[in-house]
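Presented below is the structure to which this report refers.
Since the model is a prediction, treat every value here as computed from it, not as a measurement.
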Amino acid sequence: QVQLVESGGRLVQAGGSLRLSCAASGRTFSRYAMGWFRQVPGKEREFVAAIGRRSASTSYADSVKGRFTISRDSAKNAVYLQMNNLKPEDTAVYSCAAANTYFSGSSQHEYDYWGQGTQVTVSS
């Protein structure tokens with residue numbers, strides 16, 4: 001079992017930056033690929049980024065490529081999402097997720113555990 005807790009979301013102006021953190025419990029964190037998703041009320045959950053067990057492999061949604069960076073620190077049992085050049089359309093609740101596999105993709109069905117999410121609001 002893995003428990004995930006996100007933090008770092010807040011109100012920020014367009015063009016600004018934020019770093020989201022996801023703290024994972026349990027000693028098996030290194031076995032999981034990790035992902036970030038976001039959701040706006042009334043819309044489906046959207047894939048943002050994913051990172052494999054050993055950090056060598058990452059993937060991003062086209063909408064965030066070049067602006068967001070996903071990383072992980074296995075010593076701290078944490079995964080991060082650095083978000084630069086934020087846009088109003090990035091406003092959403094951001095959740096991290098864990099998949100018991102080497103590398104996970106963009107489908108939320110691949111993920112086994114989810115955090116509660118953290119709100120990011122980008123003002124224009």
Side-chain angles (χ1 to χ4, degrees):
Q1 184 104 11
V2 177
Q3 292 185 328
L4 305 171
V5 180
E6 302 92 340
S7 62
R10 61 176 176 86
L11 174 65
V12 63
Q13 287 190 334
S17 297
L18 278 179
R19 188 176 85 151
L20 304 183
S21 299
C22 174
S25 66
R27 293 175 288 180
T28 59
F29 174 72
S30 60
R31 297 181 184 177
Y32 290 84
M34 301 296 296
W36 284 97
F37 288 75
R38 64 187 183 187
Q39 189 169 24
V40 175
K43 293 189 176 181
E44 290 190 0
R45 186 178 283 164
E46 176 189 25
F47 170 74
V48 176
I51 187 166
R53 286 178 181 173
R54 300 182 182 274
S55 303
S57 298
T58 58
S59 64
Y60 297 91
D62 288 342
S63 59
V64 306
K65 203 170 291 184
R67 299 188 298 124
F68 290 12
T69 302
I70 188 171
S71 62
R72 66 189 295 164
D73 185 337
S74 293
K76 296 183 178 179
N77 277 14
V79 63
Y80 307 100
L81 186 68
Q82 177 66 43
M83 306 186 295
N84 298 328
N85 190 22
L86 283 161
K87 304 176 181 180
E89 52 263 43
D90 294 319
T91 294
V93 174
Y94 284 72
S95 300
C96 66
N100 190 6
T101 185
Y102 186 82
F103 183 71
S104 52
S106 59
S107 172
Q108 58 181 313
H109 302 294
E110 299 180 53
Y111 294 83
D112 304 293
Y113 302 101
W114 293 83
Q116 292 297 312
T118 185
Q119 176 70 48
V120 172
T121 303
V122 184
S123 64
S124 57

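- Evaluation of the side-chain contact (heavy atoms from CB on, under 4.5 Å) rule for T101 yields A33, A99, S104 as partners, not counting sequence neighbours.
- Considering all non-hydrogen atoms of both residues, Y111 and G105 come closest at OH-O, 2.7 Å.
- Residues T69 and Y60 share a closest heavy-atom pair of CA-OH, 3.4 Å.
- Across all non-hydrogen atoms, the minimal contact from A92 to V40 is CB-CG2, 3.9 Å.
- Every residue two or more places apart in sequence or in another chain was checked for a side-chain hydrogen bond (donor to acceptor under 3.5 Å, both in side chains) with Y32, and none qualifies.
- Scanning for salt bridge (Lys or Arg N to Asp or Glu O under 4.0 Å) contacts around E46 gives R38, with sequence neighbours left out.
- Taking Y80 as the reference, nothing meets the side-chain hydrogen bond (donor to acceptor under 3.5 Å, both in side chains) condition, with sequence neighbours excluded.
- For the atom pair SG (C22) and OH (Y94), the distance works out to 14.5 Å, reported to the nearest 0.5 Å.
- Between Q39 atom CD and E44 atom CD the span is 8.5 Å, to the nearest 0.5 Å.
- Rounding to the nearest 0.5 angstrom, the gap separating the CZ atom in F68 from the OG1 atom in T58 is 14.5 Å.
- Considering only residues two or more places apart in sequence or on other chains, F47 meets the ring pair (Phe, Tyr, Trp, His ring centres under 6.0 Å) condition with F37.
- In this structure, CG on L81 lies 11.0 Å from OG1 on T118, to the nearest 0.5 angstrom.
- Qualifying side-chain hydrogen bond (donor to acceptor under 3.5 Å, both in side chains) partners for E110, counting only residues two or more places apart in sequence or in other chains: none.
- Checked against side-chain contact (heavy atoms from CB on, under 4.5 Å), R67 has the following partners two or more places apart in sequence or in another chain: V64, N85, K87, D90.
- Under the side-chain hydrogen bond (donor to acceptor under 3.5 Å, both in side chains) criterion, T121 pairs with Q119, sequence neighbours left out.
- W36 and F103 are assigned to two separate hydrophobic clusters, defined by single-linkage of ILVMFWY side chains at heavy-atom distances under 4.5 Å.
- In this structure the side chain of Q1 never reaches within 4.5 angstrom of the side chain of D112, judged on heavy atoms.
- Within the 4.5 Å cutoff, side-chain heavy atoms of W114 are placed close to those of R45.
- By the criterion of side-chain heavy atoms lying less than 4.5 angstrom apart, applied directly or through intervening Ile, Leu, Val, Met, Phe, Trp or Tyr residues, V120 is not grouped with V93; the two fall into different hydrophobic clusters.
- Here the side chain of R72 pairs a donor or acceptor atom with the backbone of G52 at under 3.5 angstrom.
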Between side-chain atoms of residues 2-9 and protein atoms elsewhere (two or more places apart, or another chain), which donor-acceptor pairs fall under 3.5 Å?
| from | atom 1 | to | atom 2 | distance (Å) |
| --- | --- | --- | --- | --- |
| E6 | OE1 | Q116 | N | 3.2 |
| E6 | OE1 | G117 | N | 2.9 |
| E6 | OE2 | C96 | N | 2.9 |
| E6 | OE2 | G117 | N | 3.3 |

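- Not a single salt bridge (Lys or Arg N to Asp or Glu O under 4.0 Å) links K43 to another residue, sequence neighbours left out.
- In this structure, OG on S74 lies 12.5 Å from CZ on R31, to the nearest 0.5 angstrom.
- Applying the salt bridge (charged side-chain N to carboxylate O under 4.0 Å, His left out) test to residues at least two apart or on different chains, the pairs with a partner in residues 56-66 are D62-K65.
- Partners of S123 according to the side-chain contact (heavy atoms from CB on, under 4.5 Å) rule, which considers only residues two or more places apart in sequence or in another chain, are L11, Q13.
- Interatomic distance, CD of Q82 versus CD1 of I70, reported as 12.5 Å (0.5 Å rounding).
- Of the possible polar contacts, one joining the T91 side chain to the V122 backbone as a donor-acceptor pair under 3.5 Å is found.
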